[in-house]
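Residue indices begin at 1 and follow the sequence shown.
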Amino acid sequence: MKKLALLVALVVICVAAFGQGKLQQDLSLKYLVSTPAPSKNKPPVIILMHGYGSNEEDLYGLKDHLPANFLVISVRAPYSRQPESGYQWYALTVENGKRSGSLTDIEKSRQQVSRFIDEVVRKYGADARNVYVMGFSQGAVMSYVTALAEPGKVHGIGALSGKIYTGWKSRVKPTPAMQQLKIFVAHGTQDNMIPYTEAKEAVTFLQSMGLKPDFHTYNGMGHTISNDVLKDLRTFLR
């Protein structure tokens with residue numbers, strides 16, 4: 001019986017590890033997965049969302065810089081950028097010389113991410129009370145809207161070089177569940193894609209909702225994720 005139990009345990013471990021780093025297509029969105037070491041506790045989960053024109057591989061390498069106890073899922077955005085390569089969470093538009101995003105696309109993607117979170121928790125036996133949504137640029141925008149729309153489903157936000165569109169703010173209503181959100185915001189002062197002022201506006205908006213975002217400013221940093229950002233993010237997650 002002991003040999004049988006050991007064999008079963010080894011099979012479970014192998015199944016959990018199988019496919020790590022390989023594109024997974026069994027859920028409603030395509031993704032890469034990094035599973036933590038087996039534990040008696042349900043693992044917390046981080047959903048990583050890439051930026052405009054990228055894909056699920058872009059942020060997957062962050063797994064090596066995040067706490068080892070997390071289940072890390074790097075997900076592909078649902079819309080392709082045809083005829084160009086890469087994927088997007090929403091179409092970009094320009095209004096009065098200023099970049100904007102399709103709120104219709106954002107809402108559709110938000111609903112898909114919400115569904116995807118449920119699927120991930122169910123498939124991998126993750127802790128539904130300890131789900132973080134994190135993203136870069138467009139992915140940061142999606143992290144904000146996903147958590148603010150359904151704060152009871154998300155424990156924390158990681159917004160790296162992101163913003164909250166003005167048109168979306170009117171949809172956000174403060175709730176008791178929202179007050180429990182942990183929020184990490186990182187932005188460079190020399191970001192030429194999403195200006196630093198827009199990150200500050202997002203933080204001000206969150207504060208107006210009674211939230212207390214952990215806002216990190218990186219002097220001289222552009223539209224990127226630096227080692228200092230990763231260091232601060234690890235501290236936030238611990």
Side-chain angles (χ1 to χ4, degrees), residues 28-32 46-62 72-95 97-117 120 131-150 154 156-169 171-172 183-188 190-203 205-206 213 215-216 218 221-226 229-230 233:
S28 58
L29 292 173
K30 297 176 181 179
Y31 65 99
L32 299 175
I46 294 174
I47 307 292
L48 295 173
M49 291 180 276
H50 62 77
Y52 175 76
S54 191
N55 59 40
E56 68 285 351
E57 295 180 355
D58 189 39
L59 298 184
Y60 187 61
L62 295 187
V72 180
I73 304 287
S74 188
V75 60
R76 178 189 293 180
Y79 302 113
S80 62
R81 279 201 320 155
Q82 296 180 349
E84 300 175 83
S85 62
Y87 300 87
Q88 60 185 353
W89 296 97
Y90 53 87
L92 290 175
T93 59
V94 178
E95 297 177 8
K98 187 176 181 180
R99 284 184 180 176
S100 186
S102 165
L103 296 184
T104 299
D105 286 354
I106 291 175
E107 174 59 17
K108 288 180 179 178
S109 286
R110 184 200 69 77
Q111 292 178 12
Q112 288 181 277
V113 172
S114 177
R115 175 185 173 187
F116 182 73
I117 290 172
V120 166
V131 175
Y132 288 78
V133 286
M134 297 189 177
F136 173 73
S137 196
Q138 268 203 358
V141 173
M142 292 308 305
S143 296
Y144 276 134
V145 301
T146 298
L148 294 175
E150 296 184 89
V154 175
I157 301 171
L160 313 180
S161 302
K163 63 185 287 184
I164 302 175
Y165 285 107
T166 300
W168 185 268
K169 293 176 181 177
R171 306 186 183 196
V172 181
I183 307 173
F184 177 87
V185 180
H187 215 98
Q190 299 303 310
D191 193 325
N192 61 354
M193 298 295 292
I194 298 180
Y196 177 70
T197 54
E198 295 189 305
K200 291 173 62 177
E201 289 171 3
V203 169
F205 172 72
L206 295 171
F215 184 29
H216 293 259
Y218 301 89
M221 188 179 83
H223 196 64
T224 188
I225 302 173
S226 69
V229 172
L230 294 176
L233 181 56

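Taken from OG in S74 to CD1 in I46, the straight-line distance is 11.0 Å, to the nearest 0.5 Å. To the nearest 0.5 Å, atom CG of residue D191 and atom CD of residue E198 are 9.0 Å apart. With rounding to the nearest 0.5 angstrom, the NZ atom of K200 is 7.5 Å from the CZ atom of F215.
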Using atom types as modelled, flag every donor-acceptor pair under 3.5 Å from a side chain in residues 132-140 to any protein atom, sequence neighbours excluded.
{"residue": "S137", "atom": "OG", "partner": "H223", "partner atom": "NE2", "Å": "3.0"}
{"residue": "Q138", "atom": "OE1", "partner": "W89", "partner atom": "N", "Å": "2.9"}
{"residue": "Q138", "atom": "NE2", "partner": "Y90", "partner atom": "O", "Å": "3.0"}

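Applying the salt bridge (charged side-chain N to carboxylate O under 4.0 Å, His left out) criterion to E57, with sequence neighbours excluded, gives no partner residue. Applying the salt bridge (charged side-chain N to carboxylate O under 4.0 Å, His left out) test to E150 and every residue at least two apart in sequence or in another chain returns R110, K153.
Contact check for I117 versus T146: side-chain heavy atoms found under the 4.5 Å cut-off. Between V145 and Y165 the shortest side-chain heavy-atom distance does not fall below 4.5 Å. L48 is not listed as a side-chain neighbour of Y60, based on a closest heavy-atom distance of 4.5 Å or more. Within the 4.5 Å cutoff, the side chain of E56 has no heavy atoms near those of the Y31 side chain. Within the 4.5 Å cutoff, the side chain of K108 has heavy atoms near those of the Y79 side chain. Within the 4.5 Å cutoff, the side chain of I164 has heavy atoms near those of the L148 side chain. Taking the side chain as every heavy atom from C-beta outward, I225 and S161 never approach each other to under 4.5 Å. In this structure, the side chains of K163 and V141 come closer than 4.5 Å at one or more pairs of heavy atoms.
For H187 (side chain) and I194 (main-chain N/O), a donor-acceptor pair under 3.5 Å exists by modelled atom type.
Here the closest non-hydrogen pair linking L160 and F184 is CD2-CE2, 3.7 Å. Of all the heavy atoms in M49 and S143, the pair that sits closest is CE-OG, 3.4 Å. Contact detail for A147 and V154: the closest heavy-atom pair is CB-CG1, 3.8 Å. Here the closest heavy-atom approach between residue Q88 and residue S80 is recorded as NE2-O, 3.8 Å. The two residues Y218 and A186 make their nearest non-hydrogen contact at CE1-CB, 3.6 Å. The shortest non-hydrogen separation linking Y87 to H50 is O-CE1, 3.7 Å.
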* Going through the distances and angles, do M142 and I106 end up as a side chain to side chain contact (heavy atoms under 4.5 Å, CB included)? -> CA-CA 7 Å; M142 292 308 305; I106 291 175; 4.2 Å; yes

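By the neighbour-count criterion of 12 heavy atoms within 6.0 Å, atom CZ of R115 is sparsely surrounded, having that number or fewer from other residues, nucleotides or ligands.
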